[in-house]
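Computation of the quantities below employed the complete heavy-atom set of this structure, encompassing side-chain atoms and omitting hydrogens, waters and symmetry-equivalent molecules. Keep in mind that what you see is a predicted model, and the values were worked out from it rather than measured. The chains referred to below are lettered A, B, ... by the order of the sequence lines, with proteins before strands, and numbering in each begins at 1.
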Protein chains: 2
Amino acid sequence: MEKTISRYDDTILNRCNFFKGLSKHEITAVLKAARIVNIPSNSFFFHQGEEAISFYIVVSGQVRLSQINPEGRQVIVHIFGPGDAIGIIVALSNMTYPVSAEAMTDTQALGWDRDTIAYLMEECPRLAVNGLHLIAHRFMELQDRYRELATERVERRIARALLRQAQQRNGRIPHTNTRNISLSRQDLAEMTGTTLYTVSRTCSSWEQEGIVTAGRGYIEINNFHKLLVIAEDLPDSHQCHDPQTCYFCPPDFNCNTA
Amino acid sequence: MEKTISRYDDTILNRCNFFKGLSKHEITAVLKAARIVNIPSNSFFFHQGEEAISFYIVVSGQVRLSQINPEGRQVIVHIFGPGDAIGIIVALSNMTYPVSAEAMTDTQALGWDRDTIAYLMEECPRLAVNGLHLIAHRFMELQDRYRELATERVERRIARALLRQAQQRNGRIPHTNTRNISLSRQDLAEMTGTTLYTVSRTCSSWEQEGIVTAGRGYIEINNFHKLLVIAEDLPDSHQCHDPQTCYFCPPDFNCNTA
DNA sequence: CCCCTTCATTGCGCTAGCGCAAAGAAGCCA
DNA sequence: TGGCTTCTTTGCGCTAGCGCAATGAAGGGG
């Protein structure tokens with residue numbers, strides 16, 4: 001087991017904020033307490049309403065966190081990738097899961113149960129601090145998304161969802177084109193509070209303008225700059241001075257030449 | 001100072017989840033570290049973008065937590081009343097406030113600065129646990145609201161906002177009619193992601209049906225039952241067996257006789 | 001290789017909700 | 001008491017986005 005886990009040391013654990021600041025020794029201890037979980041594509045880590053007994057860190061794959069309303073309309077609250085922590089909030093406070101977590105691809109994760117993680121945090125307060133930071137981060141992101149949903153137009157919301165995905169994957173999924181977002185129209189619709197028809201129409205019109213290339217189950221961003229303008233994350237007049245340090249543009253991308 | 005604070009012991013502190021499970025002695029120590037803050041109506045505890053240095057617990061009054069988008073459209077993220085904790089998430093994790101907190105009425109609060117609250121939590125872990133519970137609770141509420149905004153119609157969202165307010169005030173603001181919600185149409189619009197026109201129209205039609213009485217700056221709920229049906233928090237066929245224990249109806253209210 | 005399923009596109013009509021504008025109602029201050 | 005400000009209501013026209021339905025494209029499994 002030790003051996004299996006240490007495989008991930010470089011690729012995942014060093015980039016995982018939950019382990020930030022821990023010594024090698026501490027990380028080893030925390031990993032020893034973990035179980036390795038393999039969830040095949042389209043299967044669930046847990047369902048909305050179940051008692052929250054486990055906490056996970058994604059090693060590889062993607063996980064969709066979604067909530068469903070009584071009429072069956074679904075909303076994607078978050079999409080997790082390698083290094084992300086799933087269920088940290090509820091696992092730390094004795095509740096039932098308010099959302100479902102479904103693997104979008106075959107997913108490997110590390111799992112701890114509630115008591116274990118509570119014990120580890122007591123032993124290693126740094127872990128608790130990191131957990132709190134993760135929660136704070138997630139909370140602020142959700143708050144932003146809430147405001148977005150309340151105030152912004154659909155096109156902008158879709159643009160932001162795409163950019164957020166690109167940003168999130170940036171450098172975390174090795175050997176992957178971060179500009180190629182593997183999401184269906186339906187997924188994007190559920191992430192942005194709209195319908196798959198509207199997403200499809202929007203992507204079509206973007207495709208005409210050369211901003212993206214859309215295909216079955218993916219959208220590839222061809223022109224970050226234009227997308228950023230639509231998302232209003234970027235002033236209309238923006239030009240990169242130095243793409244390496246530009247706040248707006250992803251590191252491997254120069255929006256001047258796009 | 002001791003004396004001023006002890007005035008609140010019964011009314012606020014015993015109902016405040018942040019102090020739950022603390023001994024009298026511990027509460028006294030925590031209160032000693034607090035400063036009393038008085039914010040007049042329409043003034044701000046803090047503004048979006050400022051460094052998060054303080055954490056507050058509302059003693060009396062109401063506080064609007066809002067976020068503004070670049071075009072100036074505002075969204076109310078939460079409304080705090082007596083016993084609620086403001087800024088707990090950011091104060092615990094070295095960030096800038098992602099929202100503004102504005103007193104809607106003259107407001108009295110207890111304030112601690114970041115370092116103090118961190119120290120107190122270390123001394124008294126129960127405080128940290130309580131804080132985590134508050135955050136988890138807020139997080140889940142926000143998640144629900146997010147789903148609501150993405151999937152539900154305006155009328156239902158307004159109904160839920162009103163009911164949430166009634167629930168929130170229930171028993172916490174002494175000698176106040178919990179069915180009388182003091183919010184302007186604009187406030188309600190910003191809470192539900194719509195416009196004041198739509199809120200006004202909706203309330204008018206509810207008034208015609210005898211569900212509410214609307215006035216300048218307030219809405220009084222006359223028929224909880226019908227509002228709950230609109231909010232879909234209640235099956236259409238619901239009749240209270242025992243209003244005292246009914247999950248759906250507020251304690252002072254029998255929906256059978258309404 | 002073909003059939004079947006799943007996903008995406010797009011035309012079309014529709015409606016929920018927006019937002020202007022104008023008029024009224026309620027509080028506030030001098 | 002009168003005038004000013006702020007909040008509310010409501011008529012009206014408009015449009016963003018919905019959602020059905022029909023068609024097309026892309027896998028996937030036997």
(request) Classify the side chain of B:Arg73 and the base of C:dG19 as holding, or not holding, a donor-acceptor pair under 3.5 Å. (result) no
(message) Taking any heavy-atom pair under 4.0 Å as a contact, classify B:Arg216: base, sugar-phosphate, or nothing.
(response) base
(request) For A:Ser200, answer base if it contacts any base atom (sugar-phosphate contacts may also be present), sugar-phosphate if it contacts only those atoms, and nothing otherwise; contact means non-hydrogen atoms under 4.0 Å. (result) base
(message) If I take atom CD in residue B:Glu155 and atom P in nucleotide C:dC18, what distance separates them, rounded to the nearest angstrom?
(response) 13 Å
(message) Rounding to an integer number of Å, can you tell me how far B:Asp187 CG sits from D:dC7 P?
(response) 9 Å
(message) Pairing donors with acceptors under 3.5 angstrom, does anything connect the side chains of A:Asp144 and B:Gln67?
(response) yes
(request) Decide whether B:Asn222 and B:Glu207 meet the rule of one side-chain donor and one side-chain acceptor closer than 3.5 Å. (result) no
(message) Salt bridge check, A:Arg157 against A:Glu152: does any charged N sit closer than 4.0 Å to a carboxylate O?
(response) no
(request) Compare every heavy atom of B:Ala166 with every heavy atom of B:Ile221, then report the nearest pair and how far apart it is. (result) CD1-CB, 4.2 Å
(request) Choose from D:dG19, C:dC20, C:dT10 the nucleotide whose nearest atom is closest to any side-chain atom of B:Arg153. (result) D:dG19
(request) Please determine, for the side chain of A:Tyr197, which listed nucleotide (D:dT10, D:dT8, D:dC20) has the closest atom? (result) D:dC20
Measuring to OP1 and OP2 of [N], would you say a side-chain N or O of [X] lies under 4.0 angstrom away?
X: B:Arg185; N: D:dC7; value: no
X: B:Thr194; N: C:dG17; value: no
X: A:Thr195; N: D:dG19; value: no
X: A:Ser204; N: C:dA8; value: no

